[in-house]
Structures are given as C-alpha cells and as structure tokens.
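Here, residue 1 is the first one in the sequence, and each next residue gets the next number.
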Amino acid sequence: MGNILLKTWALIGLLLFAGNGGFAQKPARPNIVVFLVDDMGWQDTSVPFWKQVTDLNRRYRTPNMERLAKEGLKFTNAYAQPVCTPTRTSLLSGVNTAHSRITHWTSPNRNKNTDFADSTLNSVDWNINGLSPVAGIEHTFHATPLPALLSQNGYYTIHTGKAHFGSAGTPGADPKNLGFQVNIAGSEIGHPASYLGTDNYDRPANGKPNRNAVPGLEAYHGKDVFLTEALTLEAIRALDKPIQSKQPFFLYVGQYAVHTPIMADQRFVEKYRKAGLDSIEANYASLVEGMDKSLGDLLNFLDERKIADNTVVIFMSDNGGLSTKPQRGGPEHTHNLPLRAGKGSVYEGGIREPMLVRWPGVVKPGGVAEQYLIIEDFFPTILEIAGVQKPSTVQSIDGQSFLPLLRNPTLKDDTRALIWHHPNRWIAAEGPMLHWASGIRQGDWKLVYDHRTAGLELYNLKDDIGELKNRADEQPEKVKQLALLLTRQLKTWNAQMPTFKNTGKPVLWPEEAVTQLNK
C-alpha cells in the first residue's frame with residue numbers, strides 16, 4: 001500500500017510540476033454570478049421555455065437571454081416560491097419556506113405582519129422579520145447564509161440591487177451582515193419608489209423620503225440614468241477589485257426590475273408602443289428589455305476581461321409574473337399563459353421561472369434540462385461549484401445540488417417531491433389560489449390544496465401545463481398518495497396551518513381533507 005501511495009503522489013507531483021523549475025497553479029475556482037430578476041414570469045422573454053414559441057415570447061425582446069440559452073443550459077421546470085422574500089431567503093439558506101417559516105414577503109418595518117386581513121382565516125405566526133445570521137432575533141429564521149460561507153472560503157462577495165431578506169432594524173436587512181463584503185443599493189425594501197435618477201430613485205411624500213427610496217446611489221441622483229442601468233454600472237465597477245487581485249468572486253445581481261412601479265425605460269419603450277401595446281404593457285416590456293441589457297452588459301464585461309471561461313452565470317426569477325389589476329394591463333391572470341395565474345399563486349404561473357446556466361467547459365451549449373428543481377437547490381449547488389465541502393451551518397439543508405444536471409441535463413428523477421406552502425393572504429383581491437394554499441409536485445403530478453375550502457386539485461403537468469383539467473375524481477389514489485406525502489413533509493418541518501376565525505380550529509392537513517372526502 002505504501003508503494004502505491006508513493007507512486008500516486010509522485011505522479012501528482014509530475015502533473016503539477018511546470019517548466020522553469022516551478023509548479024503549475026491549481027485551476028482557479030470559478031467566479032459565480034447569480035442574476036435574479038424580480039417578478040419576471042416564465043413567459044416574459046423571447047426565449048421559449050415551453051415546447052413551442054408563444055405570442056408572449058414574440059412580444060418581448062431579450063437577445064441576451066437568447067445568447068445565454070445558446071451558450072448555456074435552459075431549465076424548463078425551475079421553481080421559486082409565490083412571492084419574493086421566501087424565494088430570496090431560501091436561496092441564501094438552502095431551506096424550504098415551510099421549514100423556515102418565512103412564507104410571505106417581509107415588511108420594511110420591523111415586527112409588521114404583511115398578511116392582508118382575511119374574513120375567514122387567522123394569520124399564522126410566521127417569521128415576519130425574515131432571515132437572520134444572528135440567533136435570538138424575534139420572528140426570524142436563524143441561518144448561516146450562503147455569502148458568508150463563500151466569503152469564509154476565499155470568495156469576494158458582492159451584493160447589488162434588491163435584497164429584501166429581512167425587516168429594517170434586524171441584522172438580515174443589511175446584506176453585509178449576511179456575508180456580502182460589498183453592498184450596492186440593497187436594504188429591507190421590496191421595490192423602488194422610482195426607477196428614475198431624476199427622481200433620485202425616490203418619490204417623497206409630505207416632504208419626507210419614500211420608505212422605498214433606493215439607498216446608496218447618490219452618484220446618480222439628478223441624472224437621467226435608469227435604476228437598472230445604475231445598478232449594472234456599479235456591479236461592474238465593484239468587480240475590478242477581485243479581478244485585479246485574482247480572487248474568485250460571487251456576484252449577486254438582484255435587479256429591482258421588473259417589479260412595480262411599472263415605469264417606462266425610455267431607452268426601449270417606444271417600439272412597444274408602436275407595436276400597439278397599452279401604456280402599462282409597453283412600460284412593462286421596456287423594463288424587461290432594460291433588464292436584458294443589464295445581463296448583456298455583464299456578459300460583455302466578462303468577455304472583455306477574459307474571465308468568461310471561468311465564470312458560472314445563473315439566471316433566475318424570484319416568483320411568477322404579476323398578473324393582477326390595476327398594476328397590469330389587459331385581462332387579469334393571462335400574463336403567464338399557458339401557465340395558470342401569476343405572482344402570489346401556487347399554480348404554475350406563480351412559481352415556475354425562466355432559468356438559464358452558462359459554465360464554459362462544463363455545461364454543453366444549447367442544452368435543455370427538463371428535470372424539475374426548486375430555489376433552495378441553489379445553496380448546495382453554488383457551494384459545490386465553489387469547492388466548499390461539508391459546510392458548517394446552523395440550519396439543516398433541504399435543497400439538493402443540481403450540479404449533476406449541469407454535467408448531464410438528461411438526468412431524470414421522478415421520485416423527488418417539491419413543496420410550496422403559503423399560509424398567508426397576499427392582497428385584497430381574490431384570484432386563482434392567490435392565498436392560503438399549499439402544493440406538491442412529484443414526477444408529472446401536482447396536487448394543489450386550498451386551505452379555506454379543504455379542496456384538493458390534481459393535475460398532470462406533462463399533459464396539462466395550464467392546470468385546466470382537475471383529475472382528482474378520476475385519480476383518488478394519486479390524490480391520497482400526494483396528500484399524505486405533503487402532510488408528512490409539512491409536519492416534519494413543523495410547518496404552520498392557519499386557524500378559522502369562527503371556530504378557532506386549525507385548517508385540516510391535506511391527508512385529513514382526503515379522509516373527510518371519503519366519509
């Protein structure tokens with residue numbers, strides 16, 4: 001055994017030894033860019049993520065997403081959560097929202113519940129202050145954040161744009177407390193007061209700054225620089241330091257676009273007006289194209305600095321596209337078709353996202369991965385890409401690495417179950433499963449559970465991506481199986497169910513709802 005080890009180490013030495021009497025450097029760890037868009041739907045792009053090009057794909061112009069799809073891998077079954085903070089905190093913690101109890105968006109104000117008042121159900125005691133790197137902060141989920149682990153392992157970590165990880169006055173509100181060494185314009189706010197530099201990215205009320213004024217971009221105040229562009233310029237500027245020092249970097253670009261307020265990006269809006277879109281939808285399309293330009297500028301910068309070959313770029317959105325009035329033009333709940341509903345819903349329109357990954361030398365260009373995955377999978381995947389082995393975290397990780405899919409996108413696992421749990425009321429308006437709902441997907445089957453009515457709906461997404469044909473009556477055993485699986489996982493995570501106002505009794509677990517149906 002000793003001779004074998006000796007020969008092995010000798011061979012390694014020969015491989016490492018370089019000319020001129022020195023040793024070759026180890027291959028540099030890859031740089032990692034996460035480009036996370038706010039409220040971008042699965043159809044808000046000229047890149048088709050379905051089996052065919054749709055009218056909505058033809059509406060939008062996203063040439064840089066097209067480039068990324070051509071040079072990388074397209075994921076057609078990538079999932080987030082129905083609203084923003086749950087997705088963002090799952091990415092940073094690797095924990096499902098039912099487990100972390102960050103099931104809804106956090107308020108800029110500490111200890112404020114953002115659930116809209118409901119006449120039927122009481123709000124659950126969810127973690128209204130979001131994610132915290134510090135233990136003992138009330139109404140938060142304590143976790144070891146992804147950027148902190150990367151920073152501890154030699155990465156230069158940069159946060160740009162929307163954070164929305166925690167409420168003001170808590171440690172999670174400041175990205176620097178989560179392990180980012182640089183923070184550009186990130187805070188507790190969930191959307192900008194204005195996208196305009198001429199507004200100072202603010203809309204004061206009664207002489208006071210708006211609570212959603214974007215911080216840290218004073219250099220652009222009074223200038224005609226759209227917020228999306230300002231963030232891109234600052235992100236590129238921040239990359240100079242790690243590139244010059246040859247330090248691997250983790251760049252998190254959280255564009256505020258395409259979230260409300262839906263304001264025109266004047267660089268792009270006119271073509272959409274001329275195409276006949278109403279004013280709101282023309283403005284929205286201009287936000288999409290401005291976001292895409294930001295992506296292209298970053299890709300071009302990586303090329304110019306000759307680091308693209310050693311940089312992983314991951315593109316994702318935090319929830320489905322907004323599809324409610326008065327914020328969107330046209331008929332409600334149609335903006336993500338063929339997917340049903342939109343932001344706030346556990347139907348596909350609220351959770352299925354456009355996802356692209358480019359990693360030269362690892363990801364084969366132009367590929368398509370149909371295997372489903374979910375946002376908490378980003379945490380273990382990014383750590384594995386960075387070479388961080390057996391990370392020490394205070395939280396147990398629910399996500400699974402999708403690194404094997406990057407190497408072989410044909411891999412298939414129909415046994416894994418994905419979970420969504422939204423025991424909250426999002427907005428005043430009613431709509432398709434916008435409030436008080438849970439869901440589970442296993443293979444092609446998806447079960448949706450309505451908390452208020454104990455209604456169970458079953459869909460086969462392979463045949464019915466629009467969730468139009470409820471198969472519950474004809475597939476009672478599949479309903480029973482998925483309801484049991486969903487219930488067991490929610491109970492394992494000690495997930496919360498709301499209570500009824502008139503009785504004080506908790507909402508039935510999904511498996512109890514099945515039992516009640518069979519009585």
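Remark: Asp318 engages Arg88 in a salt bridge, criterion side-chain N to carboxylate O under 4.0 Å. Taking the charged nitrogens against the carboxylate oxygens, Lys469 and Asp464 have no contact shorter than 4.0 Å, which rules out a salt bridge. The pair Asp55-Arg59 does not meet the salt-bridge criterion, since no charged nitrogen lies less than 4.0 angstrom from a carboxylate oxygen. A salt bridge does not link Glu332 with Lys325: every distance from a Lys NZ or Arg NE/NH1/NH2 to an Asp or Glu carboxylate oxygen is 4.0 Å or more. Residues Glu511 and Lys491 are paired through a salt bridge, judged by an N-O separation under 4.0 Å between the basic side chain and the carboxylate.
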Check: Which is it for His104 and His435 under the ring-ring contact (aromatic ring centres under 6.0 Å, His included) test, yes or no, and what are the steps along the way?
Finding: CA-CA 10 Å; His104 205 37; His435 320 296; 8.8 Å; no

Note to self: Between Ser286 and Asn283, is the side-chain hydrogen bond (donor to acceptor under 3.5 Å, both in side chains) condition met? List the steps.
What the structure shows: CA-CA 5 Å; Ser286 76; Asn283 289 353; 5.1 Å; no

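A cation-pi arrangement is present between Lys74 and Phe49, with the terminal nitrogen or guanidinium carbon under 6.0 Å from the aromatic centre and inside a 45° cone about the axis. For the pair Lys446 and Trp420, the cation-pi criterion (under 6.0 Å, within 45° of the ring axis) is fulfilled. Cation-pi contact between Arg101 and Trp126: absent, since separation from the ring centre below 6.0 Å together with deviation from the ring axis within 45° is not met. Both tests hold for Arg328 against Tyr284: distance to the six-membered ring centre under 6.0 Å, angle to the ring axis within 45°.
Closest heavy-atom contact between Gly290 and Thr228: O-CG2, 3.5 Å.
In this structure, a donor-acceptor pair under 3.5 Å is absent between the side chains of Tyr372 and Arg352. Tyr79 and Glu348 are linked by a side-chain donor-acceptor pair at a separation below 3.5 angstrom, with hydrogens and angles left out of the test. Remark: the Glu66 side chain and the Ser46 side chain contain an N/O donor-acceptor pair separated by less than 3.5 Å. Between the side chains of Asn210 and Asp202, no donor-acceptor pair of N or O atoms lies under 3.5 Å. No hydrogens or angles considered: a donor-acceptor pair under 3.5 Å links the side chains of Ser294 and Thr232. A donor atom on one side chain and an acceptor atom on the other are found under 3.5 Å apart for Asn64 and Asp292. Side-chain atoms of Thr170 and Asn129 include no donor-acceptor pair closer than 3.5 Å.
Of the options Thr381, Thr87, Asn96, a side chain to side chain donor-acceptor pair (under 3.5 Å) to Glu376 is made by Asn96 and by none of the others.
Taking the six-membered ring for Trp, Trp493 and His99 have ring centres closer than 6.0 Å.
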